[in-house]
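As structure tokens, the structure follows; a few thoughts come after it.
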Amino acid sequence: MAGGKPEQKTDSGAAPRLSPCAACAVRDMAFCGALENDEMSRITAILTTMEVAPHQPIIDEGEPADYLFNVTGGAVKLYKLLPDGRRQITGFLFDGDFLGIAMNEKYAYGAEAVDRVNLCRFPRRKLEALLDEFPKLEKRLLSMASNELVQAQDQILLLGRKTAQEKIVSFM
């Protein structure tokens, strides 16, 4: 985790805990919304809830992609580091969005909390095992990734072909 800065809010595991999913306001939008109530215990067993302060890193570009995240509150800024040290913002994530999918063993981008952000964090290997167990969960993630690809294509169009005024109107 980026500098170990995010504050973990779960208990030590010594006593049974209520599922954070039971009262989750974004469950229907999140990837785990594909699961039935009786299946939620499997995902709850591997997740850690986190709260990240504004302007703190969530993931750093190039670090091992050991975790995946679901945004349950707040806004996350995605960015790429440029060779001269500048950051290029590539997008924003909000409630229900998924974060941390990597094609290889390293994150291809960085992510930082814009305001106070709440997350569910999943160990990558354990979540991958659950995807094998629950194909509908994998299908939901694929759908979310496909939507993200469409949004990225729209952003390419925005940056490449629209006037400054059109870019501002599109952002709003």
Side-chain angles (χ1 to χ4, degrees), residues 1-52 56-80 90-113 117-155:
M1 187 64 31
K5 291 179 173 83
E7 179 183 340
Q8 295 182 8
K9 291 289 191 177
T10 55
D11 63 10
S12 64
R17 63 181 175 159
L18 292 175
S19 169
C21 305
C24 180
V26 301
R27 182 172 167 201
D28 291 339
M29 296 184 289
F31 85 102
C32 53
L35 296 177
E36 302 298 326
N37 287 335
D38 59 330
E39 298 169 325
M40 289 302 294
S41 64
R42 300 284 289 126
I43 201 156
T44 301
I46 67 166
L47 74 80
T48 303
T49 58
M50 301 173 56
E51 188 173 276
V52 183
Q56 294 301 308
I58 298 168
I59 61 175
D60 289 321
E61 183 176 341
E63 78 175 0
D66 295 333
Y67 297 97
L68 298 158
F69 305 84
N70 203 80
V71 180
T72 57
V76 175
K77 171 176 60 177
L78 303 177
Y79 60 89
K80 292 284 292 176
T90 59
F92 294 92
L93 299 178
F94 302 98
D95 295 359
D97 287 332
F98 203 71
L99 169 66
I101 295 176
M103 288 302 294
N104 55 33
E105 298 296 317
K106 304 230 182 265
Y107 294 118
Y109 54 85
E112 178 181 289
V117 172
N118 294 305
L119 302 161
C120 288
R121 181 180 77 170
F122 305 92
R124 181 179 176 183
R125 301 290 177 234
K126 289 181 180 181
L127 184 59
E128 287 171 349
L130 278 183
L131 295 178
D132 291 338
E133 187 176 334
F134 296 109
K136 60 187 170 185
L137 199 58
E138 185 173 31
K139 191 173 184 178
R140 178 80 170 249
L141 271 177
L142 178 60
S143 174
M144 292 174 80
S146 296
N147 287 335
E148 188 175 318
L149 180 58
V150 168
Q151 289 174 355
Q153 291 170 336
D154 288 345
Q155 187 172 12

Once rounded to the nearest 0.5 Å, what's the spacing between atom [atom1] of [X] and atom [atom2] of [Y]?
X: Thr72; Y: Phe94; atom1: OG1; atom2: CZ; value: 14.5 Å
X: Arg121; Y: Leu127; atom1: CZ; atom2: CG; value: 13.0 Å
X: Arg124; Y: Ile46; atom1: CZ; atom2: CD1; value: 13.5 Å
X: Leu141; Y: Glu128; atom1: CG; atom2: CD; value: 10.5 Å
X: Phe98; Y: Leu119; atom1: CZ; atom2: CG; value: 11.0 Å
X: Leu131; Y: Phe122; atom1: CG; atom2: CZ; value: 10.5 Å

How far apart are the closest heavy atoms of [X] and [Y], and which atoms are they?
X: Val52; Y: Gln56; answer: CG1-CB, 3.7 Å
X: Gly100; Y: Ile59; answer: CA-CD1, 4.5 Å
X: Gly73; Y: Asp95; answer: CA-OD1, 3.1 Å
X: Thr49; Y: Cys120; answer: CG2-SG, 4.3 Å
X: Tyr109; Y: Leu78; answer: CE1-CD2, 3.8 Å
X: Val117; Y: Ala113; answer: CG2-CB, 3.6 Å

- prompt: Is it true that Glu133 and Lys126 make a salt bridge, defined as a side-chain N closer than 4.0 Å to a carboxylate O?
  reply: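 Salt bridge: no.
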- request: Kindly say whether Ala108 contributes a backbone atom to a donor-acceptor pair with the side chain of Lys80 at under 3.5 angstrom?
  value: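 Judged by distance alone, yes, a pair lies under 3.5 Å.
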Close side-chain approach of Lys77 to Phe92, heavy-atom, < 4.5 Å: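 A side-chain contact under 4.5 Å exists here.
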query: Passes side-chain contact (heavy atoms from CB on, under 4.5 Å), Leu99 versus Ile58? Steps please.
result: CA-CA 10 Å; Leu99 169 66; Ile58 298 168; 3.8 Å; yes
message: Determine whether Ile43 and Leu137 satisfy the following criterion, side-chain contact (heavy atoms from CB on, under 4.5 Å), listing intermediate values before the conclusion.
response: CA-CA 10 Å; Ile43 201 156; Leu137 199 58; 4.1 Å; yes
message: For Lys136, I'd like to know if atom NZ has over 12 heavy atoms of other residues, nucleotides or ligands within 6.0 Å.
response: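 Yes, the 6.0 Å shell around NZ holds more than 12 heavy atoms from other groups.
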